[in-house]
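Worksheet: the structure to be examined is printed underneath.
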Amino acid sequence: MEIKINKYVVISSLLWKLMERLGTQGVQFLVIIVIARLLMPADFGLIVIVGIFITLAGILVQSGFNMALIQKKHVDDLDYSSVFFVHLLLSALLYLLLFFTSPFIASYFELPLLTIILRILSLILILDAFNSIQNAIISRAMQFKKLFYSSLSAVLLSGIVGIIMAYLNFGIWALVVQQIIHHVVLTVHLFITVDWRPKFCFSFSRIKDLFSFGWKLLVSAIIDAIYQNLRNVIVGKMFSPAALGFFNRGEQFPNIIISNINSSILSVLFPALASQQENRSRVKEMVRRSIITSSYIIFPMMIGLAIIAKPLILILLTEKWLPAVPFLQIFCAVYALWPIHTANLQAINALGRSDIFLKLEVIKKIIGILILSISIQYGVYAIAIGLIVSGIISTFINIFPNIKLLDYGILEQFKDVAPSILISIMMGIVVFSVQLFHLPPLFTLIAQIFVGIFIYIILSILFKLESFNFLIRTMKDLKEKRKVVTKNSV
């Protein structure tokens, strides 16, 4: 299904995608909090280790074909069905591989329980293969409203089951069952709501054409996944599952915020940019708007979250999780740059330059591994700090190709985000001062959140930030557009 891309479609799609992500992650976050209060950090370290192998296998299943389907101008049932059967075959093979190798993985980490958990959670691979085409169709048509309802129903049902199991002292199995139920319900709901069924047809030539674009993204994704999970393997093996638990919980809070916003931007921005790939000036305009607006939203969130880290951990996860506070603060600095990475990289992919994307990933990962090899000698906190250094360097690397492709250079991008950085720092200073009153943790947390929001809005108005005015205008435009649509439908 092809639709005309305009401002209303892009913003409306982004809002639906944000609601889908926030609804899903919100319920999952509540489930994790309940379980974290019942389990020890070492238990969460075990789940993180299982996730390493499922993530890597999941990337191999997708094989870059979904992005290729979205990027391709004209797609038919032969393309969709061919990719569907490839995904199904790969998922089955990888499930069998993980099933038979799980005892060896458990033995390596000296965690016997890992065997059965990995065998059960690996079923997610097959479920995701069944709904992969539905996700591609939704992205091409930018019908994220359907995904919102599918994800919401899945996360509500699975979340209820997970919380009940946690209270009934099922421990770590509450999270395992919650994830399986979530993927089952999501797959069934998408199968019902998206009007596509696989046809018994297959074309090697179509697969070859799609893979010519997708293989570079596949290799890039594998490199990135190995690099991202390498730290978890090192921390879990060289230090302890408990250290990995603190490391992962510290990363979880900023990750939830950024992954929701970032994945929403990615899902909407890529098909929008791909539709305008022949108009470079329009692509630059859309990338610039994405960077300015997302930075305006993200920077205050990350600075504020870093400041309220201690009372937040105390209230939500209890005192036993306090060693996660420094990790949380470090990862806030790491994730603050992600929207800039996303906008620049998606522009490169949308223009069909997955070759440049792959080269960038190789360069960044080589630099990252060098930093990791140095920081590992100084402990787990140094490993986390090394991510900040790597992230800053990666920002310049990601921007560099767009100097030529879009005439959008480093200095221009810095000028675009500088106002948001400035008022976010000013807001952060005020929020930090609240803790000087030495209020109880709960009152401190509530006061800091409300003071932060109030100060940021006031500063936006005083400095007449264009991003703030753009968001207000956009909300008004969407409201008026909905009124017109409602009136015409009556």
Side-chain angles (χ1 to χ4, degrees), residues 15-48 50-51 54-55 58 113-114 116-132 134-135 138 144-194 245 248-249 251-261 263-264 267 312-313 315-318 320-321 324 442 445:
L15 290 176
W16 279 111
K17 185 61 182 178
L18 275 171
M19 286 192 292
E20 181 262 324
R21 291 295 301 176
L22 291 172
T24 301
Q25 294 293 325
V27 176
Q28 288 179 343
F29 183 60
L30 291 176
V31 173
I32 290 173
I33 287 175
V34 172
I35 296 176
R37 297 175 72 92
L38 297 172
L39 302 180
M40 298 304 292
D43 297 316
F44 271 86
L46 188 149
I47 289 294
V48 173
V50 172
I54 295 177
T55 298
L113 189 59
L114 190 147
I116 184 64
I117 292 177
L118 183 56
R119 285 177 171 177
I120 293 174
L121 284 180
S122 294
L123 291 169
I124 290 173
L125 297 172
I126 298 176
L127 294 171
D128 285 349
F130 273 99
N131 63 44
S132 61
Q134 281 85 351
N135 277 298
I138 286 173
F144 295 103
K145 185 176 181 178
K146 291 183 178 180
L147 188 59
F148 167 75
Y149 289 119
S150 297
S151 297
L152 186 62
S153 60
V155 77
L156 283 175
L157 180 58
S158 61
I160 291 171
V161 173
I163 290 175
I164 291 174
M165 290 186 66
Y167 276 114
L168 292 177
N169 296 319
F170 279 91
I172 200 170
W173 292 103
L175 187 56
V176 173
V177 174
Q178 184 265 337
Q179 290 187 45
I180 292 293
I181 292 178
H182 176 268
H183 285 269
V184 169
V185 175
L186 180 62
T187 300
V188 172
H189 202 286
L190 283 175
F191 184 82
I192 295 172
T193 56
V194 179
N248 183 259
R249 288 311 95 187
E251 183 180 10
Q252 178 195 17
F253 286 87
N255 179 266
I256 285 176
I257 296 173
I258 299 303
S259 64
N260 283 318
I261 296 175
S263 66
S264 300
S267 299
L312 185 68
I313 292 293
I315 293 168
L316 294 182
L317 302 181
T318 70
K320 68 184 179 184
W321 286 96
L442 180 59
L445 180 62

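Hydrogens, waters and symmetry mates play no part in the numbers below; they use all other heavy atoms, side chains included.
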**Study point:** Residue pair V188, N131: steps toward the side-chain contact (heavy atoms from CB on, under 4.5 Å) verdict
**Key:** CA-CA 8 Å; V188 172; N131 63 44; over 6 Å; no
Review point. Going through the distances and angles, do F253 and I313 end up as a side-chain contact (heavy atoms from CB on, under 4.5 Å)?
Key: CA-CA 10 Å; F253 286 87; I313 292 293; 3.6 Å; yes
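Rounding to the nearest 0.5 Å gives a distance of 11.0 Å between CZ of R119 and CG of L114. Atom CG in L316 sits 7.5 Å away from atom CG in L445 (nearest 0.5 Å). Note that the CD1 atom of I126 and the NE2 atom of H183 stand 13.0 Å from one another [nearest 0.5 Å]. Separating the CD1 atom in I124 from the CG atom in L186 is a distance of 11.0 Å, to the nearest 0.5 Å. Considering CG of L113 and CG of L118, their distance stands at 11.0 Å, rounded to 0.5 Å.
Inter-residue side-chain proximity for S158 and V185 is flagged as unmet; no heavy-atom pair is nearer than 4.5 Å. Side-chain contact between L168 and W173: absent, with no pair of heavy atoms (C-beta onward) separated by less than 4.5 Å. Residues H182 and Q179 form no side-chain contact, since every pair of their non-hydrogen atoms from C-beta on lies 4.5 Å or further apart.
Under the 3.5 Å distance criterion, the side-chain polar atoms of S132 are matched with a main-chain donor or acceptor of A129.
Between T187 and L127 the shortest heavy-atom distance is OG1-O, 3.3 Å. V176 approaches I120 most closely through the heavy-atom pair CG1-CG2, 3.9 Å. Summarising the geometry of Q134 relative to L190, their closest heavy-atom pair is CG-O, 3.7 Å, with the distance given to 0.1 Å. Residue G51 comes nearest to T55 through the heavy atom pair O-OG1, 2.7 Å, listed as atom of the first residue, atom of the second, then distance.
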